[in-house]
Amino acid sequence: MKGEDRKVGPEEEEPMEITSEKKAILLRYLIVLLLLGALLGTVSVYIFKIAFREKEQWIGVAERHKIPVRLVKPDRGNIYSSDGKLMVTNVPRYYLYMDFRAEGFRVDTFLHSRNGLDSLALYLSKKLKNRTAKGYRDHLIRGMKSKSREYPVYEGRVSYADLKEIKRFPFLRRGRNVSGFYEKEIVQRQRCYGSMASRTLGDIYNEKETGELPRGKTGLEQQYDSLLRGEYGTRSTIRVGKNWTSVIEKEPVPGLDIVTTIDLQIQDFTEKALGDKLRSLDAETGVAIVMEVPTGEIKAISNLERTRPGVYVETNTRNYALTDQLEPGSTFKIPSIMVALEDGVCKPDDVVDAGNGVYRYESGNIVDHNAARGGYHQITVAQAIWYSSNIGVAKTILKGYRNNPKKFTDGLSRIGMDADLQVYGAGQPRIRKPNDPRWSKLTLPWMSFGYEVQAPPIQMLAFYNAIANNGKMVRPVFTKEIRRNGKTVERFSTKVIRSSICSQETLEIVRDMLVNVVEKGTGRPVYSEAVTIAGKTGTAQIASGGKYQSHQVSFCGYFPADKPAYSCIVVIRRPRVGNPSAGTMSGAVFKTIAEKIYSQKTQIEVRSMEADSMRITLPEVKNGHAEALAALLDELDIETEPSRKPQPSSGYVAVERRMQDGRMRLKEVVLGENTVPNVVGMGARDAVYLLERSGLRVGLSGRGEVVSQSPAPGQRVKRGQTASIVLRN
């Protein structure tokens, strides 16, 4: 009705209550959004302020609290011999310092405490031996007065073991904060075999010299520096709780390892033979190189230099074997004659007149070493090589090339005398050409016997090695492999420089000449009963100040002559004792090296050797176990008497040797009950077994086989009795 209150049913009241609740929720959402918006606005304001207005200020704060990332040094790679023996490795060494402004350092404590300065100075003096106790006291007081934070306690370097000992010295044992003592580590390269092949292995600049990782200075260390050096890692310092800790972010990459071609045994032979001869001659320097013929691998290389009378060391200044560009002398006669043979200028049986040992040509004299004895007169070209006749070789070359010297120099290039060996650090040969301003009418004949031409020893060796290698010239190599963690990364194979230096006919002629140099000519002192040697002597005067003064003697060749395995060159400069003689000086070293290598490296097939008429056909066999003896006799196919060999059931047998008919007589041992057995002639194991089996205790002395026993065989065994046996080889 109109005017009456309208009653609302339940179904109409429900929507009104939901709407009211929703409004309350929306209001609360709105309040939260407004608060978040205000917060976001505030944050944005601060971000803008920090990012733009206060940027520089906060960067500075960050830098002041930043702990920089530090580099982690890698281990430098090792260098090994050809058979895997370690030759060069890393050894840590330490420099010692004092920080006299350390937080806990007290002057009174340092100067006047019982275990202070005076005790420390005494300990340092006894350990380091470079100053007296008073000297160390004064040295440390100077450092204290200077208030240095990096005052050197000792100018040298100490090992880790020494460092640990020094840290326990009086006052220093208080720790770094109180004593101020600390160390700096550097990595030192250590050669495990002393100075052996040290010039070839090389040296490094250490961290103190470079301010960074060690770098190669010479030799293989320099050649493979980028591989040996490795790569830095990184580490950072982070805070964990109240402490700081170091974390490796990037592991350092160790350097690669180098495996050389050096054979330590051959290197040892070579250095000793060369050093002994240099001392006996009081020479200035000496070089010896040994190369493996088919591969070109350098098995030994020695550069010895006189430092004082009687003392020769591996030189650190120059690798004479690779860089010494001097006139080779008569070893160059072989290349000269090879060119002449190839060009058809001569044959080995052609006769040349060497006269009385002095040949006047143009404005100079060519002299043979036997001129004082009347010269060689009529000799063949082959004999000119055997006897090393300057005149014989010079006349042969003049006959073929006087009017066309370029053909001769081109021929030297053709046979590989100026070939690039591609050896790191090696000098290049210098062969003078006719268009050279210094070329004269005397140049051609003098070149023919090794003057007015220069070649390092490694070049001459490569040429003679080619002769030994059936005409194939190979590159001399010093490195076999590069490894990482013991696994091969790269392996170096033989590289051919000239597939053939000359024709096979010429090669055979030259090889025959080289054998006869040793058997009939100037190389006679090099002749060996143990191994056949082929090679050529060379004696050259050394030019100094425009004059020829002193001598250089050399021998270059290979062995065994019939089946060459190794080639070798030995060069000795300025011998002061005796008359210069390539055969008795350099040749003697060559011979010693060849015999040593041949005796150690040659394997003899024993089965193919003829039987010795004085041989003992039956081996020494001890009395012993039947089964073991039967197996041995069967293996060696030795006839016995009786012909039936002992059976396992036989127990123990005694053996008697009978030499007349090549048979071995066997007699069985009879072991009686409670009876001492006869063990004479047995080994210790069998003798002890039998005696103990009989109820005896055993005491023995010596080694070998039983020569006497007590009690005597056949006696009754008493309970608890001890038997004594004596053994001898």
Could you tell me whether the side chains of [X] and [Y] share a donor-acceptor contact shorter than 3.5 Å?
{"X": "Arg430", "Y": "Gln325", "answer": "yes"}
{"X": "Thr380", "Y": "Asp349", "answer": "no"}
{"X": "Asn303", "Y": "Asn319", "answer": "yes"}
{"X": "Ser554", "Y": "Ser586", "answer": "no"}
{"X": "Asn435", "Y": "Lys406", "answer": "no"}
{"X": "Gln541", "Y": "Tyr451", "answer": "no"}
{"X": "Ser195", "Y": "Ser198", "answer": "no"}
{"X": "Glu292", "Y": "Thr295", "answer": "yes"}
{"X": "Ser503", "Y": "Glu342", "answer": "yes"}

Between atom [atom1] of [X] and atom [atom2] of [Y], what is the distance when rounded to the nearest 0.5 Å?
{"X": "Ile415", "Y": "Ile467", "atom1": "CD1", "atom2": "CD1", "result": "8.0 Å"}
{"X": "Leu274", "Y": "Arg279", "atom1": "CG", "atom2": "CZ", "result": "9.0 Å"}
{"X": "Glu327", "Y": "Trp446", "atom1": "CD", "atom2": "CH2", "result": "9.0 Å"}
{"X": "Ser448", "Y": "Ile397", "atom1": "OG", "atom2": "CD1", "result": "6.0 Å"}
{"X": "Lys480", "Y": "Phe492", "atom1": "NZ", "atom2": "CZ", "result": "12.5 Å"}
{"X": "Ile289", "Y": "Ile301", "atom1": "CD1", "atom2": "CD1", "result": "5.0 Å"}

Point to revise | Phe555 six-ring face occupied by Lys536 cation (under 6.0 Å, within 45°) | key: no

**Study point:** Within 45° cone and under 6.0 Å: Lys407 NZ/CZ vs Tyr401 ring
**Key:**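 No.
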
Is the [atom1] atom of [X] crowded by more than 12 outside heavy atoms at less than 6.0 Å?
{"X": "Lys472", "atom1": "NZ", "value": "no"}
{"X": "Lys495", "atom1": "NZ", "value": "no"}
{"X": "Arg308", "atom1": "CZ", "value": "no"}
{"X": "Asp562", "atom1": "CG", "value": "yes"}
{"X": "Glu505", "atom1": "CD", "value": "no"}
{"X": "Lys399", "atom1": "NZ", "value": "yes"}

Is [X] reaching over with its side chain to a backbone N or O of [Y], donor-acceptor style, under 3.5 angstrom?
{"X": "Arg511", "Y": "Thr506", "value": "no"}
{"X": "Asn356", "Y": "Val358", "value": "yes"}
{"X": "Gln459", "Y": "Ala419", "value": "yes"}
{"X": "Thr592", "Y": "Ala588", "value": "yes"}
{"X": "Thr285", "Y": "Leu304", "value": "no"}

Is the closest basic N to carboxylate O distance between [X] and [Y] below 4.0 Å?
{"X": "Glu481", "Y": "Arg491", "answer": "yes"}
{"X": "Arg438", "Y": "Asp436", "answer": "yes"}
{"X": "Asp343", "Y": "Arg414", "answer": "yes"}
{"X": "Arg189", "Y": "Glu221", "answer": "yes"}

Check your understanding: Would the Phe449 and Phe332 ring centres measure less than 6.0 Å apart?
Key -> no

Review point. With sequence neighbours left out, what residues match Glu508 under side chain to side chain contact (heavy atoms under 4.5 Å, CB included)?
Key: Gln504

**Study point:** 4.5 Å side-chain heavy-atom contact, His551 and Ile542
**Key:** no

Review point. Quick one: does Val287's side chain get under 4.5 Å of Val570's, heavy atoms only?
Key: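 Sidechains of Val570 and Val287: no contact.
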
Practice item. Any chance you could lay out the side chain to side chain contact (heavy atoms under 4.5 Å, CB included) test for Val515 and Trp386, step after step, and finish with the verdict? Key: CA-CA 9 Å; Val515 170; Trp386 304 352; over 6 Å; no

Point to revise | Candidate pair Arg306 and Asp282, rule salt bridge (Lys or Arg N to Asp or Glu O under 4.0 Å), full reasoning | key: CA-CA 8 Å; Arg306 181 180 183 267; Asp282 194 24; 2.8 Å; yes

Check your understanding: With Asp324, which residues qualify under salt bridge (charged side-chain N to carboxylate O under 4.0 Å, His left out), at least two apart?
Key -> Arg318

